Protein chains: 2
Amino acid sequence: MPATLHDLARACLCNVSTVSRALRDDPRISPEMRAKVAAAAAELGYRPNLAARALVTGRSGTVWFLLGELSSPVNHQPAEAAARLCRDHGLDLLVATHHGDRTAHRRLLERLRQGVAEGALIAASELDQESAELRELAASGFPLVFIDRHLPDLEAPAATTDHAGAVTALVALLAERGFATVVGLHQPGRNSVDHARTQALEAACRTQGLRLLPPQAPLDERTAVMASGAFQVVDWLAASPGRQPAAIAIHDRWPGQPPAGCLVLELEQDFAAMAAAAWRLLTARLGGAPPSSAVMQVPHRAVHIIPPRS
Amino acid sequence: MPATLHDLARACLCNVSTVSRALRDDPRISPEMRAKVAAAAAELGYRPNLAARALVTGRSGTVWFLLGELSSPVNHQPAEAAARLCRDHGLDLLVATHHGDRTAHRRLLERLRQGVAEGALIAASELDQESAELRELAASGFPLVFIDRHLPDLEAPAATTDHAGAVTALVALLAERGFATVVGLHQPGRNSVDHARTQALEAACRTQGLRLLPPQAPLDERTAVMASGAFQVVDWLAASPGRQPAAIAIHDRWPGQPPAGCLVLELEQDFAAMAAAAWRLLTARLGGAPPSSAVMQVPHRAVHIIPPRS
DNA sequence: TTGTATGCGTTATCAC
DNA sequence: GTGATAACGCATACAA
């Protein structure tokens, strides 16, 4: 059986509270006593019981990172960055995945209400949109911060990429290269990200003098297609086999080989900066700040330009 | 403040223990009482305090998955599969990352000794090789199961791919396609995986009549190169710029574009099966079975053959 | 500087 | 079928 404070107290011929204080470096413990306790702790291999500590302090020293699946960089890159930040501040960050499963999702949120973590970062997935549990959790005052996506009707802040700025940058690059038309594949109803990008695309095209056309529009060699992810482009290509876009601009990586003769612009998001922003929002909440719906927008990191191959 | 059993007891005009039993569906509670308690719990939004429960039961209902970084499929694919298995058995699987940092690594192992989890799956990284804390943890009887890699001097079982079988399959495919020589890039001293592959490669070449040569050997059009990961091949190519292998066989995906005129064989490991095997080993330990050093080897899932492009 | 006493929210062991 | 009560391991207000 693991040693407890009680065992140490017996070994040191003193009281449990003295041991507790000595181990936590309480200034009013004599150096001799402290040394004696430290020796006994090492000797007996004492490890504090975190459940007991959490019960009395009400703090678990833990933050959760909630996400759908680990495979996507949009999820795991902020998670890793946030883990470092937490660690540096004495908290453990644990990643919980629900792999798009409703019951798993519900259960994880349930756990959060049971005190397993002091706060949570959430890389929003489809399931979060309609989740009553998530709403209740936020309403209960539990510190929640969203990453990348923002649920507007929820009293919880978010750290996202500056979607408008990113779209503007892509449109500018297209204009620079002589493109006159953009076909937008964003689905504004899908989530807040696609919504923001759609709006920004309209504004950017207006400002920079490009025509904006819907997915069904015919293509020419001065028409580019813009989408949130490669998957949207792939679907669009598959929907009408003849399509040969002259340029693809996405907020994502293009997997493998781009279509022949096609310029590809990949926007690289700054996930580390996003995690840092989310961390700031979270510590504010942990420190007692009231819930807000603030959205911190961090600039993108770079645009990768992949010239067309012949 | 969140409602407690005490609050429910007051609301129901009964004792705490009755409430506790009613909520846990104890058979000796009258239907009326059970309904009354359930109503009060819903009314007051009662949520059990897991810290308190863990303190008295000694069980946290949690399993950890320890890994270096999330980005690698070798890590996150088994993690996701294991999460599902755990969930189906009433346990939560949480992923903890140490991103190759010694202090983070030490700290996570420390947490495990403090009762945060009932057991842990470990996707072994470099840090685990020399970690004294890991040895202590295993020695303390904590249920530990390794995934993919195996630390032979540790009293902990492992679930790995059948490395020997995989190497044999790759060599057979090469032989079938007329290759006569294999250059082996595995580094037997690196870890147990590379070690096993090196041995299997020697055996397979002997059996199937191919010549096995070291990395410095000259190449011809009937010579293939075999390595654990793409990174080994990339390093090897960079070390001597003239090299143009006729085939590359790796236990991994080849990122992006293969070299011109080069056949690529990618071995796909069966991470789901690996997770299932690891889960079996872990439940055995959780169920009270003594620690063992058993290694369960699961067959690979497929070999992807990418023909040379001209 | 140290000891005493109490409570955190649950479960479990008794009684009745 | 239900109630009283003692743990579980730790932290802390209050005494001394």
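For the numbers below, each heavy atom of this structure counts, side chains included, while hydrogens, waters and symmetry mates do not. Throughout, protein chains are lettered first and strands after them, A, B, ... in sequence-line order, and every chain is numbered starting at 1. Being a predicted model, the structure only gives us computed values, none of them experimental.
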Who passes side chain to side chain donor-acceptor pair (under 3.5 Å) against [X], sequence neighbours left out?
{"X": "A:E118", "answer": "A:R59"}
{"X": "A:E69", "answer": "none"}
{"X": "A:H76", "answer": "none"}

Backbone of B:D128 reached by a side-chain donor or acceptor of B:S131 within 3.5 Å: no

Donor-acceptor under 3.5 Å (B:T57 side chain, B:R53 main chain): yes

Residue pairs passing the ring pair (Phe, Tyr, Trp, His ring centres under 6.0 Å) test where at least one lies in residues 128-158 of chain A, sequence neighbours excluded: none

Where at least one partner belongs to residues 80-125 of chain B, residue pairs that pass ring pair (Phe, Tyr, Trp, His ring centres under 6.0 Å), sequence neighbours excluded: B:H89-B:W279, B:H98-B:H105

Heavy-atom closest pair, residues B:A9 and B:V16: CB-N, 3.7 Å

Closest heavy-atom pair and its distance - B:P157, B:L144: CD-O, 3.4 Å

Span of DNA chain C, from the first to the last nucleotide whose atoms fall under 4.0 Å of chain B heavy atoms: C:dG9 to C:dT13

Pairs involving residues 280-298 of chain B, ordered by first then second residue, that meet side-chain hydrogen bond (donor to acceptor under 3.5 Å, both in side chains) (sequence neighbours left out): B:E155-B:S293

[X]/[Y] ion pair, N-O < 4.0 Å:
{"X": "B:R24", "Y": "B:D26", "result": "no"}
{"X": "B:R47", "Y": "A:E110", "result": "yes"}
{"X": "B:D92", "Y": "A:R107", "result": "yes"}

Residues in contact with DNA chain C, drawn from residues 15-28 of chain A - heavy-atom cutoff 4.0 Å: A:N15, A:S17, A:T18, A:R21, A:R28

Members of residues 37-63 of chain A that approach DNA chain C, where some heavy atom sits under 4.0 Å away: A:L55, A:V56

For A:Q129, all residues meeting side-chain contact (heavy atoms from CB on, under 4.5 Å), sequence neighbours excluded: A:E126, A:R149, A:L151, A:N191

B:T62, B:L85, B:V63 screened by side-chain contact (heavy atoms from CB on, under 4.5 Å) with B:L93, the one that passes: B:V63

Axis-to-axis angle between the two ends of the helix from C:dT1-D:dA16 to C:dC16-D:dG1 (five base pairs per end, rounded to 10 degrees): 40°

Outermost nucleotides of DNA chain D that come under 4.0 Å of a non-hydrogen atom of chain A: D:dG9 to D:dA13

